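Remember, predicted model here, so these are calculated numbers, not experimental data. Values below: all heavy atoms of this structure, side chains included; hydrogens, waters and symmetry mates excluded.
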There are 2 protein chains.
Amino acid sequence: MTQSPHLAFRALADPTRREIMRLLTEQDMTIAQVSDQFDMTRAAVKKHLTMLSDGGLITTEVRGRERLNRLNPAGLAPVFDWLSFFDRFWDARLNDLKTAIEGESDD
Amino acid sequence: MTQSPHLAFRALADPTRREIMRLLTEQDMTIAQVSDQFDMTRAAVKKHLTMLSDGGLITTEVRGRERLNRLNPAGLAPVFDWLSFFDRFWDARLNDLKTAIEGESDD
DNA sequence: TTGACGTGAAACCAAAAGGTATCGCATTAA
DNA sequence: TTAATGCGATACCTTTTGGTTTCACGTCAA
């Protein structure tokens, strides 16, 4: 029962949200902790976290007055699922894909 | 020399553009042919095709007064590259979630 | 109990996204 | 040569997105 990839793809469209996902691979973080990593207000970060949650890419755990944001890698399943459709065209039209993936990339 | 995933992720954020990519797996299509598949004007489809091209997900070949749009699966490389960062968290987190937590309060 | 802390939520704004209608231009067909 | 075709480009509109400021509310510490 793979869910629609729509909200996940939309959540991944913004560089800030992708960076938040990277941050959350290191540790769970409160909103304030995430906000410290960006040059924007806590309210703006909160909106990004909401979109990430809507896309199923993070989960939250309320602990007292804090709210811990946690990466949910399983939320990437619909994305991988959609992308897997192109696997066969990958090989058919492109031979040296693996060399293309070699490099590192940033935003 | 993998390019930035930004424009590719942005191009994938819209359902119409993802559907266009699916269509182009079947055959190369002119703008008019793509437009026939959607309930919107040719100009709107053209904008989507431009964003797909900006993201490196399609290429175009001008043939006389026609312009053939062709899927470029290699353009997905930056996307796969970025997503591959989360591969290692995939299994680990899934195991943690399954063993430690039973109910998810995420919706 | 008081007050600081972490957050949620709302109002507001500028810019981008997604769409339309319309015009012009190069190419092709009659 | 003339007219239809396929497309590019522009102006314009509405909605969404990404950001701010401000305020209210529950929680925790002193």
Quiz item: Is it true that B/Leu71 and B/Leu23 fall in one hydrophobic cluster, defined by side-chain heavy atoms closer than 4.5 Å?
Solution: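 Same cluster: B/Leu71 reaches B/Leu23 through Ile, Leu, Val, Met, Phe, Trp or Tyr contacts under 4.5 Å.
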Quiz item: Roughly, in whole Å, what's the span from CE in A/Met40 to P in C/dA14?
Solution: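 Distance check: A/Met40 CE to C/dA14 P gives 19 Å.
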Quiz item: Can you tell me how far C1' of D/dT17 sits from CG of B/Asp14, to the nearest Å?
Solution: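 Distance check: B/Asp14 CG to D/dT17 C1' gives 14 Å.
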Quiz item: Can you check whether A/Arg10 has a side-chain N or O nearer than 4.0 Å to OP1 or OP2 of D/dT17?
Solution: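 Affirmative; the distance criterion is met.
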Exercise. Any chance you could measure B/Thr16, atom OG1, to B/Leu52, atom CG, to the nearest 0.5 Å?
Key: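 So the OG1 of B/Thr16 and the CG of B/Leu52 are separated by 10.0 Å.
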Taking the side chain of [X] as its heavy atoms from C-beta onward, which of [options] lies nearest to it?
X	options	answer
A/Thr41	D/dT20, C/dA21, C/dA4	D/dT20
B/Met51	D/dG19, C/dA17, D/dG6	C/dA17
B/Arg67	C/dT20, C/dG8, D/dG8	D/dG8
A/Arg42	C/dT7, C/dT20, C/dA29	C/dT7
A/Arg65	D/dG19, C/dG19, D/dG26	D/dG26
B/Lys47	C/dG6, D/dT20, C/dG18	C/dG18
A/Ile31	D/dG19, C/dG8, C/dT20	C/dG8
B/Ala32	C/dG8, D/dC7, D/dG18	D/dC7

Quiz item: So, the side chain of B/Ser53 versus the backbone of B/Leu49: is there a donor-acceptor pair under 3.5 Å, distance only?
Solution: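 No, because the side chain of B/Ser53 does not come within donor-acceptor range (under 3.5 Å) of the backbone of B/Leu49.
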Self-check item: Whether B/Asp28 side chain and B/Arg70 backbone form a donor-acceptor pair below 3.5 Å
Solution: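 Answer holds: no.
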Exercise. Could you tell me which residues satisfy ring pair (Phe, Tyr, Trp, His ring centres under 6.0 Å) with A/Phe80, sequence neighbours excluded, listed by chain and number?
Key: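 Partners of A/Phe80 by the ring pair (Phe, Tyr, Trp, His ring centres under 6.0 Å) criterion, ordered by chain and then number, come out as B/Trp90.
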Quiz item: In terms of the nearest nucleotide of DNA chain D, which residue is placed more toward the 5' end: A/His48 or A/Gly64?
Solution: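 That would be A/His48.
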Quiz item: How would you label the contact of A/Arg17 with the nucleic acid (heavy atoms, under 4.0 Å): base, sugar-phosphate, or nothing?
Solution: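 The residue A/Arg17 makes sugar-phosphate contact but no base contact.
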Quiz item: Is B/Lys46 side chain donor-acceptor paired with the D/dG8 base, going by distance under 3.5 Å alone?
Solution: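 When only heavy-atom distances are counted, B/Lys46 does not reach the base of D/dG8 through any donor-acceptor pair under 3.5 Å.
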